[in-house]
Amino acid sequence: MTAVHSEGTELSTGSASLRFPPGFVWGAATAAYQIEGAAAEDGRTPSIWDTFSHTPGRVRNGDTGDIAADHYHRFRDDVALMADLGLGAYRFSVSWSRVQPTGRGPAVQRGLDFYRQLTDELLDKGITPVATLYHWDLPQDLEDVGGWTVRDTTERFAEYAEIVASALGDRVPYWTTLNEPWCSAYLGYGSGVHAPGRTEPESSLKAVHHLNLAHGRAIGVLRSVLPATAQTSITLNLHQIRPLTDSAADLDAARRIDAVGNRVFLGPILGDGYPADLLDDTAHLVDWETLVRDGDLAEIGRPIDLLGLNYYTPTLVSDGRVAGDGPKPPRNDGHGSSDHSPWPGSEHVAFHLPPGETTAMRWAVDATGLRDLINRIAREHPGLPLMVTENGAAYDDYISPEGRVNDPERVAYLRGHLSAVHEAITGGADVRGYFLWSLMDNFEWAYGYSKRFGAVYVDFGTQRRIPKQSAHWYSQVARTNVLPDLPEEDGKS
């Protein structure tokens, strides 16, 4: 067998500075529960992440998002910092339970007022607001009656989308329905490493369909409420999947993970329905004919204006079965530790850490994966505009005796991945923007505050913000629309 894990060729960046197309959007992204804090203020009630983080043993060090980066109280200073860095856009998410505490009924105006004020502050500083309706924080009241495993949640989400779009639609030009429904479904209901912490393969697949349906219904609502110029989208954490070898078993492992990880969303959202091989692979877990009702696929497949892509690292897989020994549990797939697989119907697939450099998350650094992923979508769905809505890396950042945060590894990571985006654009892909994850250090879900993804360092004890070396480097890129070479001391380009 031949090892084939290093798919594609190295990036052909050369040594010249790289210029991006006119109008390319340069931004940074965050999520409500990760930065806002103010968990019980102004009418906000618990989301599934409040419940999960307050459950002993669920989050590292017992950390919660109760205070996080205190963005709820410091948003004006944070927006001023964005302006100082020259960001053109800011991608934020709305806390559902801050706006609609039980997930049903009228809005709490104090909650909406926060997002109105945030939007106005961004616009005042010349920064384009990009709103995400759902970044994993389902109101706990809805989870108590089934959460994403029940169809009624799709109706509730459509009502919530109308509330937010009616309040902000005249000022927010970009709208995303869901962020990474893969995580909501499979990590929340499959492996249990994310809220609500359930480990039910059948439920995870039901959640997939209901998240897809919620997206489609929200697109219908957004189109009825928003100005015609508004851009609608969904953000998917698509996996660049590579087989460990060219054996038939490893190739089939890659096919399975592509089906349950990528095509289960791309198919119905982009109008092709659920892939037949996925339905076959998971038929023993869920009755798809009962789950998917007449009209569902038409709703899910409503046209979108943009597709958001989140990428951090490639996915290297093999068949994990040993002859005569039965299925083996998957090796670490980079999505937290659990005895339960987040890949229903593919529990025998093994995951491998690619060779080479890794981040503090133990994720392989490989920018060719981003280029190959963009090229795949551009090839399979020509004419569909794309945005890289999350990309970044966690490193073990610290404040130097001089009061600076030097992170040359992150600068090199960003330079490599932006080179990958540029190469894909040069090859014909319609990529219209890039959002760094993340604007600032934050509550990193089940890792608590132990992992730092931010371009801005947050001292959580004092809430002091310190732009890192990477923030200043990225600021230069955003201001000039040009990707410069790395300074020699910052490592390889």
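Treat the numbers as computed from the prediction; the structure is a model and nothing was measured.
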Can you list the residues that meet the side-chain hydrogen bond (donor to acceptor under 3.5 Å, both in side chains) rule with [X], with sequence neighbours excluded?
| X | result |
| --- | --- |
| Ser93 | none |
| Glu390 | Arg91, Asn310, Tyr312 |
| Arg432 | Asp430 |
| Tyr434 | Asn391 |

Test: salt bridge (Lys or Arg N to Asp or Glu O under 4.0 Å). Region: [range]. Which pairs qualify, not counting sequence neighbours?
| range | result |
| --- | --- |
| residues 35-54 | Glu36-Arg98, Arg44-Asp50 |
| residues 163-181 | Asp120-Arg171 |
| residues 128-145 | Glu143-Arg198 |

Qualifying residues under side chain to side chain contact (heavy atoms under 4.5 Å, CB included), relative to [X], sequence neighbours excluded:
| X | result |
| --- | --- |
| Arg151 | Thr154, His209, His210, Leu213, Arg217, Arg293, Asp296 |
| Ala254 | Ile241, Pro243, Val317 |
| Thr45 | Ser97, Pro101 |
| Thr30 | Ile35, Tyr90, Phe92, Ser438, Leu439 |

Checklist line | Sequence neighbours excluded, every pair satisfying side-chain hydrogen bond (donor to acceptor under 3.5 Å, both in side chains) that has a member inside residues 253-265 | finding: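 Of all non-adjacent pairs touching residues 253-265, those that pass side-chain hydrogen bond (donor to acceptor under 3.5 Å, both in side chains) are Asp252-Arg255, Asp252-Arg256, Arg255-Asp277, Arg255-Asp281, Asp258-Asn262, Asp258-Arg263, Asp258-Arg376, Arg263-Asp277.
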Item checked: Trp96 ring center within less than 6.0 Å of Trp136 ring center ->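 Ring-ring flag for Trp136/Trp96: false, centres at least 6.0 Å apart.
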